[in-house]
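Beneath this line is the structure, given in structure tokens, with notes to follow.
We name chains A, B, ... by the order of the sequence lines, and we start the count at 1 in each one.
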Amino acid sequence: MNKTFDQKRFKTMIRVANVIALIGLIILSIAFVGSLVVFLVGQFIPEDLVTFTLSEMNVSAVFDMQLGMYLSEDVMNAEITLKSMLISGGITMAANVAFIWMLFYMLKRVFTEVENERPFSSLTIKSLYVIAFIFIGAGFILPVFEFIFTSSLVSQIPSPHFDATYGLDMGRIFVGFLILILIGIFQYGAFLETEYEETV
Amino acid sequence: MEIIVRLDRVMADRKMQLNTLSECTGISTVNLSKLKTGKVKAVRFSTLEVICKCLECQPGDLLEYKD
């Protein structure tokens, strides 16, 4: 390796990143269980326990920042039930957490490989492929869950001003494609590493 | 067309063991063995230099081109 490359500092950095990824995985696992609990609570809670109107909540008038107007009487008196929101919210949260969990898991695999001085191994490249496809898949799938959650909220408010729409998460899809391009660089690195190893 | 490494022949001529050459050159026996059996893609000039120094030979004695 190049003498200007600070190997010691790099190793420390990777070790710290590996520990952070591990802590992240533990926290995300707890969050995943939490979101499943929210989902189960939504499934089994009696509907009348979580049904209310905005006027019941001592809200005399709610000002909608986006529309720049006070909400109508219909909206204020509409019965809102949290049951469907808890179910769809729990599932949406679980899907989002699962996405980040998988990301952290794959990153941890990459960090472990780098720590073991195999930064361009086939496992690293495979993990990066999985990360790229997770991002692209999440760009398509997660907005579906978000759409279901928003729909469950909007459907309870009798106002033409609120609407739920499905849209792809172009940011995530773009990141996925960016990682696919970066994999090409890693594959070149793997080729150089093989050449290096086969030279005496 | 290939380049054949004649390290084994030169070592036999000098009656030198792999371990002795390894100690003399500072190259591991694993790498010398790979070189001897032709399981390498490339050889560094620095490697050739130390081997030639220890075996008192020329690079041409170690490498042979076969058509």
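Of the charged side-chain nitrogens involved, at least one lies within less than 4.0 Å of a carboxylate oxygen, so that E113(A) and R118(A) count as a salt-bridged pair.
Heavy-atom neighbours of Y166(A) OH from other residues, nucleotides or ligands within 6.0 Å: above the threshold of 12. The neighbour count for E115(A) CD, taken as heavy atoms of other residues, nucleotides or ligands under 6.0 Å away, is above 12.
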Could you tabulate the donor-acceptor pairs under 3.5 Å formed by side-chain atoms of residues 167-181 of chain A, not counting sequence neighbours?
| from | atom 1 | to | atom 2 | distance (Å) |
| --- | --- | --- | --- | --- |
| D169(A) | OD1 | G171(A) | N | 3.3 |
| D169(A) | OD1 | R172(A) | N | 3.4 |
| D169(A) | OD2 | R172(A) | NH1 | 2.9 |

Could you pull out all donor-acceptor pairs under 3.5 Å where a side-chain atom in residues 127-153 of chain A meets a protein atom, sequence neighbours excluded?
| from | atom 1 | to | atom 2 | distance (Å) |
| --- | --- | --- | --- | --- |
| S127(A) | OG | R109(A) | NE | 3.3 |
| S127(A) | OG | R109(A) | NH2 | 3.4 |
| S127(A) | OG | L123(A) | O | 2.8 |
| T150(A) | OG1 | E146(A) | O | 2.6 |
| S151(A) | OG | F147(A) | O | 2.7 |
| S152(A) | OG | S88(A) | OG | 3.1 |
| S152(A) | OG | F149(A) | O | 2.7 |

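L35(B) touches chain A through its side chain: at least one heavy atom from C-beta onward sits under 4.5 Å away, while N, CA, C and O do not.
Residue-level contacts of residues 53-61 of chain B with chain A do not occur; threshold 4.5 Å between heavy atoms.
Within the structure, every pair that satisfies the salt bridge (charged side-chain N to carboxylate O under 4.0 Å, His left out) test and touches residues 39-52 of chain B, not counting sequence neighbours, is listed here: E195(A)-K41(B), E198(A)-K41(B).
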